[in-house]
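What follows is a single structure, written as structure tokens, with notes after it.
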Amino acid sequence: NSAAKIAYQEELKNKSGNAIDLHRLHAVDQNIVADSLKAQQQKNEDLYVKYLSLGDTAMIKKSYEPARIAYEQALQVKPNDVVATERLGSLVLNISKDSLDATNQKNTALYTTYISMANKAFGEKSFDKARYSYDSALMVRPHDTYAGDQIKKIESILAEQQRQAQR
């Protein structure tokens, strides 16, 4: 297109600018602008797809910060894009879920430790230690029936021991 433009410009210099040549020159200019716009749109589309792909790959690897950056870059290319916006929302949900899962795993490990310590103390008839550990387990899992039942057993045993001591 730029070669055609140069040719029309040269022809116009020689002919003192007839209307047909001016019209052709204008059409060539419009084609150049349209081609440039299409090239820029394709470049933006390619960049957008690249950022989404990078974000998706990072999400699979649970590399949340790089995923966030990639999705935000996709939104820079296509502001208010539904797909990139949804993926950012999904990212936030995954971060929350993973954080909750990690907390649950820590709580399960802590609960298991308290129950193990309590059962050992209970078996050794060290009821005060057992009660403290069962109470600690209940702090981690407030509605745990096992720890609650064990505390009731300890209270019953201690009450019986107190009655026997009073006789």
Side-chain angles (χ1 to χ4, degrees), residues 1-2 30-167:
N1 279 337
S2 60
Q30 286 179 332
N31 286 341
I32 290 171
V33 169
D35 289 348
S36 177
L37 187 58
K38 284 180 188 174
Q40 185 60 44
Q41 287 172 337
Q42 185 59 50
K43 181 180 173 184
N44 284 350
E45 185 63 27
D46 292 346
L47 195 56
Y48 168 80
V49 169
K50 176 184 170 189
Y51 284 132
L52 282 184
S53 177
L54 288 171
D56 293 346
T57 300
M59 279 284 286
I60 290 168
K61 295 178 181 178
K62 295 190 177 203
S63 299
Y64 296 130
E65 186 59 17
R68 182 189 63 77
I69 291 169
Y71 293 142
E72 286 176 353
Q73 289 297 320
L75 282 170
Q76 291 292 320
V77 175
K78 284 187 177 182
N80 302 317
D81 177 67
V82 174
V83 173
T85 301
E86 286 177 354
R87 290 187 185 171
L88 264 176
S90 177
L91 168 76
V92 170
L93 289 175
N94 281 357
I95 291 170
S96 297
K97 182 186 175 299
D98 286 357
S99 176
L100 184 60
D101 288 347
T103 299
N104 286 340
Q105 287 176 352
K106 287 178 187 176
N107 285 346
T108 296
L110 190 58
Y111 170 83
T112 302
T113 299
Y114 285 138
I115 292 295
S116 177
M117 290 171 23
N119 288 341
K120 181 179 180 199
F122 188 90
E124 295 170 351
K125 299 187 189 294
S126 180
F127 298 116
D128 288 335
K129 285 182 183 179
R131 166 107 195 207
Y132 178 80
S133 293
Y134 287 127
D135 281 337
S136 297
L138 283 173
M139 290 177 70
V140 176
R141 289 190 184 163
H143 304 292
D144 181 61
T145 55
Y146 177 74
D149 289 346
Q150 290 301 98
I151 289 171
K152 288 177 187 172
K153 285 181 187 177
I154 291 170
E155 288 172 352
S156 177
I157 291 168
L158 293 176
E160 181 60 32
Q161 286 177 350
Q162 193 173 30
R163 279 192 294 274
Q164 286 180 2
Q166 288 175 349
R167 289 184 192 166

field: Separation between CZ of Phe122 and CD1 of Ile154, rounded to the nearest 0.5 Å
entry: 6.0 Å
message: To check you understand the geometry: which heavy-atom pair defines the closest contact between Ala67 and Gly55, and what is its length?
response: CB-O, 3.6 Å
query: Okay, side chain of Ser156, backbone of Lys152: is any donor-acceptor separation there less than 3.5 Å?
result: no
- prompt: Can you name the residues that form a salt bridge (Lys or Arg N to Asp or Glu O under 4.0 Å) with Asp149, not counting sequence neighbours?
  reply: none
task: List in chain and number order the residues that pass ring-ring contact (aromatic ring centres under 6.0 Å, His included) with Tyr51, two or more places apart in sequence or in another chain; answer none if no residue qualifies.
output: none
task: Would you please name every residue forming a side-chain hydrogen bond (donor to acceptor under 3.5 Å, both in side chains) with Gln161, sequence neighbours left out?
output: none
message: To the nearest 0.5 Å, what is the distance between CG on Leu100 and CG on Leu93?
response: 12.0 Å
query: side-chain hydrogen bond (donor to acceptor under 3.5 Å, both in side chains) with Gln42: which residues, sequence neighbours excluded?
result: Asp46
- prompt: Does atom CD of Glu160 have more than 12 heavy-atom neighbours, drawn from other residues, nucleotides or ligands, at distances under 6.0 Å?
  reply: yes
task: Sequence neighbours left out, what passes ring-ring contact (aromatic ring centres under 6.0 Å, His included) with Tyr48? Give chain and number order.
output: none
- request: Using the test side-chain hydrogen bond (donor to acceptor under 3.5 Å, both in side chains), find all partners of Glu65 that sit at least two apart in sequence or belong to another chain.
  value: Arg68
statement: Across all chains, not counting sequence neighbours, the side chain to side chain contact (heavy atoms under 4.5 Å, CB included) partners of Ser116 are none
message: Using only atom types and a distance under 3.5 Å, with no angle test, would you say the side chain of Ser53 pairs donor to acceptor with the backbone of Val49?
response: no
Partner residues of Arg141 under the side chain to side chain contact (heavy atoms under 4.5 Å, CB included) criterion, sequence neighbours left out: Thr108, Tyr111, Asp144
- prompt: Of Asp81, Asp56, Thr85, which meets side-chain hydrogen bond (donor to acceptor under 3.5 Å, both in side chains) against Tyr71?
  reply: Asp56
message: For residues 99-114, which residue pairs pass the salt bridge (charged side-chain N to carboxylate O under 4.0 Å, His left out) check, not counting sequence neighbours?
response: Lys97-Asp101
task: Could you grab the distance from atom CG of Leu158 to atom CZ of Arg163, nearest 0.5 Å is fine?
output: 11.0 Å
Show me the donor-acceptor pairs, under 3.5 Å and distance only, between side chains in residues 133-140 and residues at least two apart or in other chains.
residue, atom, partner, partner atom, Å
Ser133, OG, Lys129, O, 3.4
Tyr134, OH, Asn119, OD1, 2.5
Tyr134, OH, Gln150, NE2, 3.1
Asp135, OD2, Arg131, NE, 3.4
Ser136, OG, Tyr132, O, 3.0

query: What residues, two or more places apart in sequence or in another chain, satisfy side-chain hydrogen bond (donor to acceptor under 3.5 Å, both in side chains) together with Gln40?
result: Asn44
message: My understanding is that only residues two or more places apart in sequence, or in another chain, count here; which of them pass salt bridge (Lys or Arg N to Asp or Glu O under 4.0 Å) with Lys62?
response: Asp98
- prompt: Within a reach of under 6.0 Å around CG of Asn80, are more than 12 heavy atoms found that belong to other residues, nucleotides or ligands?
  reply: no
- request: Kindly determine whether Arg87 and Leu91 satisfy side chain to side chain contact (heavy atoms under 4.5 Å, CB included), including the steps that lead there.
  value: CA-CA 6 Å; Arg87 290 187 185 171; Leu91 168 76; over 6 Å; no
field: Positive for salt bridge (Lys or Arg N to Asp or Glu O under 4.0 Å) with Glu45, one of Lys38, Lys78, Lys50
entry: Lys78
